[in-house]
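Proteins come first, then strands; the chains are lettered A, B, ... in the order of their sequence lines, and each starts at number 1. Atoms considered below: every heavy atom in the structure, side chains included; atoms not considered: hydrogens, waters and symmetry mates. Since the structure is predicted, the reported quantities are computational estimates derived from the model, not experimental observations.
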Number of protein chains: 2
Amino acid sequence: MTSRSQGPTGKRATILDVAAAAGVSRQTVTRAMNDMAGISQDTRERVRRLATELGYTPSRFAKGLVQGARISVGLAIPDLTNPYFPAFASSVVEAATNRGWNVVVDDYGHGTGSALDAAERLAPHVDALIGYLGRESEMAQEMMGRRPVVSLDHPAGRSAGTISFDYHHAARLALNHLVSLGCRNIAYLDSDQGRPSAGRGAAAAAVAEGLGVQLRRCEASTSAAGAKAVVATLLAAQEEIDGLLAFNDLMAAGALKALQEAGRAVPGDCPVIGMDGIPLGELLTPELTTLSLDLRAVGRAAVDLLDGLLSGSLEAGSEEARLVLLHTLVRRQSA
Amino acid sequence: MTSRSQGPTGKRATILDVAAAAGVSRQTVTRAMNDMAGISQDTRERVRRLATELGYTPSRFAKGLVQGARISVGLAIPDLTNPYFPAFASSVVEAATNRGWNVVVDDYGHGTGSALDAAERLAPHVDALIGYLGRESEMAQEMMGRRPVVSLDHPAGRSAGTISFDYHHAARLALNHLVSLGCRNIAYLDSDQGRPSAGRGAAAAAVAEGLGVQLRRCEASTSAAGAKAVVATLLAAQEEIDGLLAFNDLMAAGALKALQEAGRAVPGDCPVIGMDGIPLGELLTPELTTLSLDLRAVGRAAVDLLDGLLSGSLEAGSEEARLVLLHTLVRRQSA
DNA sequence: TACATGGACGTGAACGTTCACGTATCGGCC
DNA sequence: GGCCGATACGTGAACGTTCACGTCCATGTA
């Protein structure tokens, strides 16, 4: 309102406009804007004033072109609405910021989009990619060309780096514990899309078989509400369930609700174990026993990996670029 | 490993390298890479193959410089660890993606950083800024120059756009309800940093005075654990509290825990009301009554506002660019 | 034969910076 | 008077694309 000199209409002001207005050359404007030597205090201030007056903002493209800009990494996430992912994203952003990197976030879950859409959107704008890409990590790596992709929870993928989890180890921890509590008819509440973590259910089944335990697998949408509904019908069908392991903590929370509403005591009648250890678990009643992951460590690891790949100290696709992390059993009240 | 032609060391391949390798001109490479007309199928494929072989990735800077690139907006967030912010961020990302915009996320909370640090990091890389910036929104707008800043929860700020909340309205809803439940000694559990929402406590106090109700204000760190600790000591001190309103849902969750551990029934002995309506509330026991905000609507509104400002249909700093949203009382079990 | 048509390609210019120089002016010193 | 060193500025080139032209050649057409 005050000065509409260069409103949203009309071309944006360039360094030359400022130079002309100040009656100096490009280079002097550069010197003024970037606090360089070789310019008088007077000129510096005058140029600065003129610059803000004209609404001049240096073009990040021109700057990037000539200087080679800071690294910017894409973060492809299935669903920021599931508390697991913000916890992870938060640590990625922190680690990246510490290195002076930018993070461009894409959430491909809210539509019915695929990870590939996210990769496609991000690819032209980033120097590297981190994400839960599932089987689409291959194509994503292809789209990124030489630029490294760190893909989580998809060990089979051919991305430059990989972070995955030992689900057999996790399942052993959980099932051993449930068995030690006396559970014999254990339900495994799986995610129906099985998008990234298809391995979880298979591992649980394998371990259960090894232990000689009955494992009833059922599927629900990856949300508390979905899990609640499925467990409710399971209980209504008089299924003999005396222990429950869930695909993730959110689904465990839904299961807890269903058990509670059905009048089943937890852990008394049916111990419940969640997975991944999101902060939410501690707030539930009863507090959720879970296969915990140090989520901040996961984010840090992803960025570390990327750093190695970008700097060349780690070779893309090599053994050292494939990390496997372990879950820990955190005992709280629910089991 | 297969072909290290242009590893991380050595300069990156440019369009000219590809052109030379293919024995064609720049323009032909452009035509091949961008699916343009005026090129034979043979050449297109050959160039493409050579390009991936050389690890050629078009420079986003050069491209942006000549074409004027997609809009990218910065999102400055205090703490992705607090479930409120991912819920908000998620809707911003969705709305932005729908418009073909990029979102660069910065979480300034994990260090002891200020919003200004985030703005400083983002400013060189984005065309606009959305964020919970508190009083630093002024300086942030200054750093951004003509580029619009939409600042949340800081109505006094001089940013181009503003989204704020009517806390008097919210406090009336909550306190009226508590009073109608028979509460007379109500505690207001405030955030100690009061970073963005300093207005919440003041509004609650004012409304309480209007209603002639005793309002005991106490402060805790903005987390479930912090809230739990403070409420626990409050109860241990034998304070006569028969109702509680919390700064946000996360703190309400902590309060719930403390009440439960002190053997106080909720809502029987002490109804509890949270604020903002994050999804977490439904998973608690008892389910949390809250002053709910349509979080997805907040994000959409922010992006809409930005769109108006960028397109020029909305004037920076004008009345139309200052939105005020209302909380709604969602009754669940806790009050 | 002359000339238009169109497909497949090439070339100068432009985008907005910064870098590495070059130049003018002034004061001081021998 | 001549030279030196600062200080304060200006200028060509480069960064890697795309755009708007131009060129060349084969094919058809009158």
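On a pure distance criterion of 3.5 Å, no polar donor-acceptor pair joins the side chain of B:Arg12 and the base of D:dG16. Contact annotation: side chain of A:Arg60 to base of C:dG16, donor-acceptor pair absent below 3.5 Å.
You'll find the side chain of B:Arg158 stays beyond 4.5 Å of the side chain of B:Gln141, heavy atoms only. Under the 4.5 Å side-chain criterion, counting only non-hydrogen atoms from C-beta, A:Leu323 is not in contact with A:Thr162. B:Asp153 places a side-chain heavy atom less than 4.5 Å from the side chain of B:Phe165.
Note: OH (B:Tyr56) to C1' (D:dT17) measures 7 Å, nearest angstrom. The distance between atom CZ of A:Arg26 and atom C1' of C:dC21, rounded to the nearest whole Å, is 12 Å. When rounded to the nearest whole Å, the span between CD of B:Gln67 and P of C:dA14 equals 18 Å. Distance B:Ile15 CD1 to C:dG10 C1': 13 Å, rounded to the nearest Å. One interatomic measurement links the two molecules: CG of A:Asp17 to P of C:dC15, which rounds to 11 Å at whole-angstrom precision. For B:Phe61 and D:dT18, the CZ to P distance is 15 Å, given to the nearest whole Å. One can place CG of A:Leu16 at 12 Å from C1' of C:dA14, the figure rounded to the nearest angstrom.
Under the salt bridge (Lys or Arg N to Asp or Glu O under 4.0 Å) test applied with B:Glu94, the options B:Arg300, B:Arg99, B:Arg296 reduce to a single match, B:Arg296.
DNA chain D lies under 4.0 Å from at least one heavy atom of each of the following residues of residues 27-40 of chain A: A:Gln27, A:Thr28, A:Arg31, A:Gly38, A:Ile39, A:Ser40.
Here A:Ser91 pairs with nothing under the side-chain hydrogen bond (donor to acceptor under 3.5 Å, both in side chains) rule; sequence neighbours left out. Legend: residues meeting side-chain hydrogen bond (donor to acceptor under 3.5 Å, both in side chains) with B:Ser159, ordered by chain and number and at least two apart, are absent. Judged as a ring pair (Phe, Tyr, Trp, His ring centres under 6.0 Å), and not counting sequence neighbours, the contacts of B:Tyr84 are B:Tyr132.
In this structure, B:Arg26 contributes its side chain and B:Ala19 its backbone to no donor-acceptor pair below 3.5 Å.
Distance from the side chain of A:Val66 is smallest for C:dG16 among the nucleotides D:dT17, C:dG16, D:dT11. Distances from the side chain of A:Leu65 to the nucleotides C:dT17, D:dC15, C:dC15 place D:dC15 closest.
Phosphate proximity of C:dT18 to A:Lys63: present, with a side-chain N or O under 4.0 Å from OP1 or OP2. Distances shown here put every side-chain N or O of B:Thr43 at or beyond 4.0 Å from the OP1 or OP2 atom of C:dA8. An OP1 or OP2 oxygen of C:dG16 is reached within less than 4.0 angstrom by no side-chain nitrogen or oxygen of A:Ser59.
Residue pairs satisfying the side-chain hydrogen bond (donor to acceptor under 3.5 Å, both in side chains) criterion with at least one member in residues 59-69 of chain A, sequence neighbours excluded, are listed as follows: A:Arg60-B:Asp127.
An angle of 70°, rounded to 10°, separates the two end axes of the helix from C:dT1-D:dA30 to C:dC30-D:dG1, each defined over five pairs.
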